[in-house]
Amino acid sequence: MPPRNTPIDLTMPFKKRTTKREPRKKVKAKTLTAPRGMEDILPAEWPWWDRVAEVMGKIVEAYDLRRIETPVLERVDLWKRGVGEGTDVVEKEMYTLRTKGGEVLALRPEGTSGIARAYLEHRLDKISSLQKLWQMSPMFRHDRPQAGRQRQFWQIGVEIMGGVSDPFYDAQTILIFERLLQDLGLVNVVLKMNSIGCRVCRPSYVRELEKHYKKHAKELCENCTHRLKTNPLRLLDCKEEGCVALREGAPNFLNKLCSACSAHFASVLEYLDELKIPYELDQSLVRGLDYYSRTVFEFSVAGPGEEVGALAGGGRYDYLFEMIGSKPMPAVGGAAGIERLIAAMKSQEVTLPKKKDKRVFLIHVGEASKLKMLGVIEELRKAGICVAESLSKESLSSQLKVAGREGVRLALIFGQKEIFEESVIIRDLSESTQETVPMKRMIEEVKKRLK
Ligand code: HAM
């Protein structure tokens, strides 16, 4: 070895290898895939997503909801305090990370706590004490991926924050989600309703519930044995056969509500009756997040589409603001899972409304005409006409083939002759007719045919 810092003479021949080297194995680079439970939304899927956004867009206008967006990452304490430390979402499903500065953050598993934090931080109550907000954003839960359950999924959330604990807004929130499902074309919609009381009536009910389940402690599944200690209300929504059977003899919260909660729930149901929205009372509906009080609800569909589970759910959360460190503030809201809405629409064979194709397909023949194409696209864009093309292809027939595949009705063909004569062939692909028109009349002629 030359001593350190001695430049190596690269002109010297390398020493001949004396030992035989093993033939190098060809290692094929592993193809990368998306993380488990996280899905790409490919171009073919977007018409479904656009439909959901379009229907929701009309609803938010009608109900005067304002859009809000919050960071994907929040301090982990927000979720611990808001959603609750004993919940599956916080205990098992959160994606947490430590920043270089030592802060512990988590990817949002749900939207409500972040919106409540933003409401407080920006004093939205100063603008108006009642804020009707909506959100359309991705959420993250490290759950076992299966049908209707991803690790990254999108929610449409609606939050009505502030004012008083008025049952009117519980009913309006439910109405908004009912409208969303109906307007998307879903049928056999099932709405389940329950009330999980308040600080006055819940402790005594939970004691009664514990008493019932302690008598059957040995029959409980592993999860429920844990829940009996940490979150007894959730014993009611266990899907294990043995635990479902134990629910039979459990006390029903609706019979144990205090008079204020009882009157509140009766009023919510009265509004739903007035709106002719059918519902089922379901005492096993307790929801998986700690911030709920009084009204809780969940939408699903029966028959095709039911395999994805609940399409939307929510309820009142009058204690959330206190849990995250503010004065009490009544609020109610809900969220729908977009992937589940789309899966249910497909299961029910909902068809998307046909949209008139407003594109024209640009075709060139020869280099001289290709040179002009960017300028032509620009001219069409300025006139509000959308353009599709496959200009890397050379032959007329292969470009026409793409136009056919794309389902575009009009093709604009520029050959050498047309470029020289400053004209264009407008071809109607559905009727197989064509006409040559002067370039200066191209926009007018295209608009006439697209009408
Ligand atoms: P959530 O019931 O946990 O409520 O979620 C709402 C909806 O998100 C569900 O009904 C479902 O459609 C969808 N969803 C939940 N988890 C997944 C998943 N792993 N994969 C696919 N879709 C999923 C909440 O998140 C509350 N923040 C709702 C709320 C708003 N309550 C009051 N305001």
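First listed ligand is number 1; within each ligand, the first listed atom is number 1.
Within the listing of ligand 1, atoms 10 (O), 12 (O) sit less than 4.0 angstrom from a heavy atom of Leu311. Each of the atoms 25 (O), 26 (C), 27 (N) of ligand 1 lies under 4.0 Å from some heavy atom of Glu110. Of all the atoms in ligand 1, the ones that sit under 4.0 Å from a non-hydrogen atom of Glu159 are 30 (C), 32 (C), 33 (N). Taking a cut-off of under 4.0 Å to the non-hydrogen atoms of Ala312, the atoms of ligand 1 that pass are 10 (O). Listed by atom number, the atoms of ligand 1 under 4.0 Å from Gly314 heavy atoms are 31 (N).
When hydrogens are left out, the protein atom nearest atom 6 (C) of ligand 1 is Gln155 NE2, 3.3 Å; that is the closest non-hydrogen contact. The protein heavy atom nearest to atom 18 (C) of ligand 1 is Phe153 CD2, 3.4 Å. Nearest protein heavy-atom contact of atom 22 (N) of ligand 1 is Arg340 NE, 3.4 Å. Among protein heavy atoms, atom 31 (N) of ligand 1 sits closest to Tyr292 OH, 2.6 Å. The single protein non-hydrogen atom nearest to atom 13 (C) of ligand 1 is Gly337 CA, 3.6 Å, given as residue, atom name and distance. The nearest protein atom to atom 1 (P) of ligand 1, hydrogens excluded, is given as Arg287 NH2, 3.5 Å; this is a heavy-atom distance.
Close to ligand 1: Leu289, with a non-hydrogen atom less than 4.0 angstrom away. Under the 4.0 angstrom criterion for non-hydrogen atoms, Glu298 is not in contact with ligand 1. Residue contacts with ligand 1 include Gly148, since one of its heavy atoms falls under 4.0 Å from the ligand. Distances shorter than 4.0 angstrom occur between a heavy atom of Thr112 and an atom of ligand 1. Heavy atoms of Gly334 approach ligand 1 to within less than 4.0 angstrom. The shortest separation from a heavy atom of Arg149 to ligand 1 is under 4.0 Å, placing the residue in contact. Taking 4.0 Å as the cut-off, Phe299 does not count as a neighbour of ligand 1 on heavy-atom distance.
Side-chain contact check for Val301 versus Val190: every heavy-atom pair is 4.5 Å or farther apart. Using a 4.5 Å heavy-atom threshold, the side chains of Phe140 and Met38 count as touching. A 4.5 Å side-chain heavy-atom check between Leu410 and Ile426 finds at least one atom pair inside the cut-off. By the 4.5 Å heavy-atom criterion applied to side chains, Cys224 and Arg234 are not counted as neighbours.
Here Phe297 and Tyr279 keep their ring centres 6.0 angstrom or further from each other. Taking the six-membered ring wherever Trp is involved, the centroid distance between the rings of Phe177 and Phe299 does not fall below 6.0 Å.
Gln131 and Ser128 form no side-chain donor-acceptor contact under 3.5 Å, judged by distance and modelled atom types alone. For the residue pair Ser395 / Ser398, a side-chain donor-acceptor distance below 3.5 Å is found, with atom types taken as modelled. Side-chain atoms of Tyr291 and Glu110 form a donor-acceptor pair, as typed in the model, at a separation below 3.5 Å.
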May I have the list of side-chain donor-acceptor pairs in residues 154-167 shorter than 3.5 Å, sequence neighbours left out?
residue, atom, partner, partner atom, Å
Glu159, OE1, Tyr317, OH, 2.6
Glu159, OE2, Thr112, OG1, 3.0
Ser165, OG, Arg316, NH1, 3.4
Ser165, OG, Asp318, OD2, 2.8
Asp166, OD1, Phe168, N, 2.9

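Among Ala343, Ser300, Ala310, Ser113, the residue whose heavy atom sits closest to atom 10 (O) of ligand 1 is Ala310. Nearest-heavy-atom check against atom 19 (N) of ligand 1 across Gln150, Met161, Arg141 picks out Gln150.
With a heavy-atom cut-off of 4.0 Å, Trp154 does not touch ligand 1 at all. Residue-level proximity to ligand 1 for Glu339 is absent, since no heavy atom of it falls below 4.0 angstrom.
Considering backbone and side-chain atoms alike, Asp143 places every N or O at 3.5 Å or more from each N or O of ligand 1. On a distance-only criterion, Tyr317 and ligand 1 share no N/O pair closer than 3.5 Å.
Annotation: Glu307, atom CD; neighbour count of heavy atoms from other residues, nucleotides and ligands within 6.0 Å is above 12.
The salt bridge (Lys or Arg N to Asp or Glu O under 4.0 Å) contacts involving residues 201-217 comprise Glu208-Lys256, where partners must be two or more places apart or lie in separate chains.
The pair Arg449-Asp428 does not count as a salt bridge, with every side-chain nitrogen at least 4.0 angstrom from each carboxylate oxygen.
Proximity of a side-chain donor or acceptor of Gln399 to a complementary backbone N or O of Lys393 within less than 3.5 Å is detected.
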